[in-house]
Amino acid sequence: EPEVTQTPSHQVTQMGQEVILRCVPISNHLYFYWYRQILGQKVEFLVSFYNNEISEKSEIFDDQFSVERPDGSNFTLKIRSTKLEDSAMYFCASSEVFGDTQYFGPGTRLTVL
Amino acid sequence: EDQVTQSPEALRLQEGESSSLNCSYTVSGLRGLFWYRQDPGKGPEFLFTLYSAGEEKEKERLKATLTKKESFLHITAPKPEDSATYLCAVQARGNTGKLIFGQGTTLQVKP
């Protein structure tokens, strides 16, 4: 069964460092998303991406964040200068059709020291 | 503002003891309501999508229903392996595809 994969599973970084979180969405999906979940809190939307463009972004997704689809399979989230409050689980999701079910990856746990 | 509230926050059941989880929502036009299961440290696992009031979906011991203001996830004769956090999310009509999640209900089923 096709699934969304994410690497790494856990990333530890120092405050101010850049991190890149990687995702491989399900192969025939066209819509891609990043969400995050701070420990004990709700899953929060960060950004949606379609046709090599950002479709929508939340207030959390400021200038420190960027997304890219560098090739036909990968989807990345970059945080340019990490802050302590960026520590969270980051989930990638994809859907085949707009408005359809979004399938989530296993997540990357980001710890900023 | 679009919002999702789930209750209860936590639920403890004995194996075989049926119950229901509630998801109340306010959204400016509902495109879809989604139920996910989340195990500790893992990503949300898709369970059901509901699109219109009156719709029902079933899978094994789980049944999801939808009204214009809320959704219920009914768990019949649960087993310990049903222990998890159950997340409800809504998607509004329009150009947004984002999901708005509730806080979740953490279910513990004791043998």
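Note on naming: letters A, B, ... go to the chains in the order of the sequence lines (proteins, then strands), and numbering restarts at 1 for each one.
No other option in B:G104, B:G102, B:G32 has as many heavy-atom pairs under 4.5 Å with chain A as B:G102. Ranked by heavy-atom pairs under 4.5 Å with chain A, the list B:R93, B:E45, B:K42 is led by B:K42.
Neither the backbone nor the side chain of A:E44 comes within contact range of chain B, judged by heavy atoms closer than 4.5 Å. Within the 4.5 angstrom heavy-atom criterion, only side-chain atoms of A:Y33, from C-beta onward, approach chain B. Heavy-atom distances place the side chain of B:Q91, and not its backbone, under 4.5 Å from chain A. Contacts between B:L87 and chain A at a heavy-atom distance below 4.5 Å involve the side chain alone, from C-beta outward. The contact between B:K98 and chain A is made by backbone and side chain atoms together, counting heavy-atom distances below 4.5 Å. Contact annotation for A:Q102: both backbone and side-chain heavy atoms come within less than 4.5 Å of a heavy atom of chain B.
Heavy-atom neighbours of A:R109 CZ from other residues, nucleotides or ligands within 6.0 Å: at or below the threshold of 12. For CD of A:E59, the number of neighbouring non-hydrogen atoms (other residues, nucleotides, ligands) closer than 6.0 Å is 12 at most. Within 6.0 Å of atom CG in A:D63, 12 or fewer heavy atoms from other residues, nucleotides or ligands are found, so the atom counts as exposed in its surroundings. Applying the 6.0 Å contact sphere to CD of B:E9 captures no more than 12 heavy atoms from other residues, nucleotides or ligands. Crowding of B:K57 atom NZ: a count of heavy atoms from other residues, nucleotides or ligands under 6.0 Å exceeding 12. Residue B:R61 places its CZ atom among more than 12 non-hydrogen atoms of other residues, nucleotides or ligands, all under 6.0 Å distant. Atom NZ of A:K42 has more than 12 heavy atoms from other residues, nucleotides or ligands within 6.0 Å. Within 6.0 Å of the CG atom in A:L39, the count of heavy atoms belonging to other residues, nucleotides or ligands does not exceed 12.
Of all heavy-atom pairs between A:D100 and B:Y51, the closest is OD1-OH, 3.8 Å. Here the closest non-hydrogen pair linking A:T101 and B:F34 is CA-CE2, 3.8 Å. Considering every non-hydrogen atom in both B:Q38 and A:F91, the closest pair reads NE2-CZ, 3.6 Å.
Applying the side chain to side chain contact (heavy atoms under 4.5 Å, CB included) test between B:P44 and each of A:Y35, A:F104, A:Y103 identifies A:F104 as the sole match.
Linking Ile, Leu, Val, Met, Phe, Trp and Tyr whenever their side-chain heavy atoms come within less than 4.5 Å puts A:V4 and A:Y31 in one cluster.
With rounding to the nearest 0.5 angstrom, the CZ atom of A:F98 is 4.5 Å from the CZ atom of B:R31.
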